[in-house]
Every structure is written in C-alpha cells, then in structure tokens.
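Just below is one structure, and these are the notes that go with it.
In this chain, residues are counted from 1 in sequence order.
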Amino acid sequence: MNHRLLGSVLSGLLLAACGGTVDTPPGSGGAGGGDDGAGGDGATTSATSGGGGAPVACGARSGGICSAEEFCDFPDDSCGTFDTVGRCSARPEVCPAHCPGVCGCDGQFYCNACSAQQAGVDVSESTSCLKPVGGDYAATYWAGGLDHLVVYKAEPETDACVTLYADAPAESAPEGFDVATLPETWVVTRIERTSGAAGCAPGASKPAGEAVRAMGAIGSLSMDLSGGTAMPCTLDVDITATFPTEPATALLRATGVAVNDGCL
C-alpha cells in the first residue's frame with residue numbers, strides 16, 4: 001500500500017475518533033457512492049433544495065386536487081373546459097368590497113374574482129351563472145323637506161324581503177355604496193334584508209326578524225318623471241348589494257316598477 005495513502009487513512013480515523021470531522025474530497029463519492037454521487041446524500045439534497053418545487057397540477061385531466069387553502073387557477077379562465085390543466089394557487093385572504101359581479105366555475109354569482117377565488121373557484125366569462133332569485137317588486141314615494149323613496153323586493157323562494165331606501169336631495173352615499181341615480185339629486189342611503197316575504201310591501205306590517213344592513217352596493221337606480229311632477233311614476237333598478245351574512249349578495253333587477261301604483 002502506498003505509504004502516503006495509508007497515512008491519510010490513519011489520520012482520518014484518528015480525527016474521527018476524537019470527535020472531529022472528515023472532509024470527503026470531490027469525486028470520491030462518499031460512502032456507498034460513485035464519482036457522480038448517485039445514491040448519496042448530495043444528489044438528494046440537490047433535488048429538494050429548490051424551495052417548494054413545481055406547482056401542483058389540477059383539473060379533470062390531471063386528476064390533481066388542490067388543498068383547502070388553494071383554488072385551481074385555469075389559464076385564460078377556461079374553467080377546465082377541453083381538459084385544460086390548471087395550477088393550484090393560494091386563496092386570497094382579503095378581498096375588496098367592489099362588486100361588479102362575476103360568474104364562478106361552479107355556476108354561482110360572486111362579487112368579484114377575488115371573492116370567487118377566496119371560495120375556492122376560478123371565474124370565467126363563458127360560464128353561465130345561476131339566475132338571480134325571482135321576486136315581486138313594489139315602490140312607494142312621499143315628499144317633504146327631504147323626499148323619500150322605498151323599493152321592496154319580496155323573495156318567496158327564500159322567504160326574505162330586501163328593502164332599498166333613497167333620499168333627495170342628499171349629498172353623499174354611505175361608504176361602500178357606488179350607485180348611480182337619475183335624477184342625480186337622489187342617493188341610495190341604505191339597503192336592508194329581513195326574513196318574511198309576506199310583509200314586504202308598502203303599507204304591510206314590518207317583515208319579521210332582525211334587519212341586516214348591506215355593507216356595500218353597486219349599480220344604478222333611475223326614475224321616470226314624465227308625469228310632469230317631482231314624483232316618479234315608475235323606476236328601473238339594477239343593483240347588487242353585499243351583506244355581512246349569508247347569502248352574501250342580493251340582486252335588485254327590475255324595470256318599470258310602479259311607484260305609488262304609478263301615475264294614474
């Protein structure tokens with residue numbers, strides 16, 4: 001045996017026995033390894049040191065399923081049609097109150113893409129949303145130093161009543177409300193939801209249950225003043241209101257709603 005190699009081995013054994021460490025020369029492969037490191041610790045460390053690895057594929061063709069903290073994000077918001085493969089992405093923690101309205105891949109209505117992703121679904125313009133809950137509309141108006149308008153929407157399917165209040169002349173809307181009105185002197189001041197569709201009409205007893213006030217609203221409210229008076233004859237409403245409790249949204253969409261039985 002070469003005396004220099006024998007001395008190196010003996011020195012290494014002595015150093016290890018005294019609690020020291022032994023540096024493995026490059027190319028030696030370590031214990032059980034060859035020159036390329038296959039099967040050794042070096043190869044394993046190199047494969048897992050990238051920090052998180054590649055995103056998990058999801059969707060019908062991939063067979064992958066995202067965790068409860070993620071949603072399947074499809075390219076071009078395709079919702080997985082034509083076996084498109086998506087990638088699992090983290091659900092957002094905080095979303096804006098802005099509510100233009102989008103359709104989720106599950107066919108449900110959401111205020112915006114962020115709120116859909118927060119619920120665990122992607123969005124797509126090609127997806128058909130479920131139709132808004134139907135309702136019976138009515139409206140009443142009375143004049144004074146401050147004119148008032150109340151729009152009622154009774155929802156028999158959910159036994160609920162959605163009530164919109166508007167005043168004129170008013171200067172500003174509540175925070176979170178972005179409702180365009182015609183005439184512009186009117187302002188939507190609040191929207192409430194209660195249980196009890198039967199009492200959701202002008203002159204009826206107040207609907208049962210505690211009123212839940214909307215924390216935001218977006219859309220438009222316009223009135224027909226063709227009768228030559230300040231009192232509107234009919235109105236059109238297209239407003240999405242957001243609530244802090246489920247269901248999170250209420251849709252008021254109707255045209256030609258008679259105010260005080262219309263202009264007779």
With no hydrogens and no angle check, do the side chains of D238 and S220 hold a donor and an acceptor under 3.5 Å apart? no
Can C66 and C58 be said to form a disulfide bond (SG atoms under 2.5 Å apart), step by step? CA-CA 7 Å; C66 300; C58 54; 3.7 Å; no
Where the side chain of N260 meets the backbone of Y141, is there a donor-acceptor pair that is under 3.5 Å apart? yes
Are the side chain of K153 and the backbone N or O of L251 linked by a donor-acceptor pair below 3.5 Å? yes
Whether the side chain of D147 engages the backbone of G144 through a donor-acceptor N/O pair (distance < 3.5 Å, no angle test) should be reported. yes
Nearest atoms (heavy-atom pairs only) where A241 meets I191: CB-CD1, 4.0 Å
Whether R213 engages the ring of F243 as a cation-pi pair (distance to the six-membered ring centre under 6.0 angstrom, angle to the ring normal within 45°) should be assessed. no
For R193 and T249, work out which heavy atoms get closest and say how close. NH1-O, 3.8 Å
Would C88 and C72 count as a disulfide bond (SG atoms under 2.5 Å apart) here? Give the steps. CA-CA 5 Å; C88 291; C72 192; 5.6 Å; no
Under the side-chain contact (heavy atoms from CB on, under 4.5 Å) criterion, do V259 and L149 qualify, and how do the steps go? CA-CA 9 Å; V259 180; L149 178 73; 4.1 Å; yes
Are F177 and V188 close enough, and set up right, to give a side-chain contact (heavy atoms from CB on, under 4.5 Å), and what steps lead you there? CA-CA 8 Å; F177 277 56; V188 175; 4.1 Å; yes
Checking V150 against W142 for the side-chain contact (heavy atoms from CB on, under 4.5 Å) test, could you report, in this order, the C-alpha distance in whole Å, the side-chain angles of both residues, the deciding distance, and whether it holds? CA-CA 9 Å; V150 183; W142 66 94; 3.9 Å; yes
Closest approach of C161 to G196 (non-hydrogen atoms, all atoms of both residues): CB-O, 3.7 Å
Donor-acceptor contact present, side-chain D167 to main-chain L146, <3.5 Å: no
Do I239 and V257 land in one hydrophobic cluster if side-chain heavy atoms of ILVMFWY residues count as linked below 4.5 Å? yes
Output yes when a side-chain donor or acceptor of S89 lies under 3.5 Å from a complementary backbone atom of F71, and no otherwise. no
Without swapping roles, check the side chain of R91 against the backbone of E69 for a donor-acceptor pair under 3.5 Å. no
Side chains of E155 and T158 only: does a donor on one sit below 3.5 Å from an acceptor on the other? yes
Contact summary for W186 and T181, nearest pair of heavy atoms: O-OG1, 2.6 Å
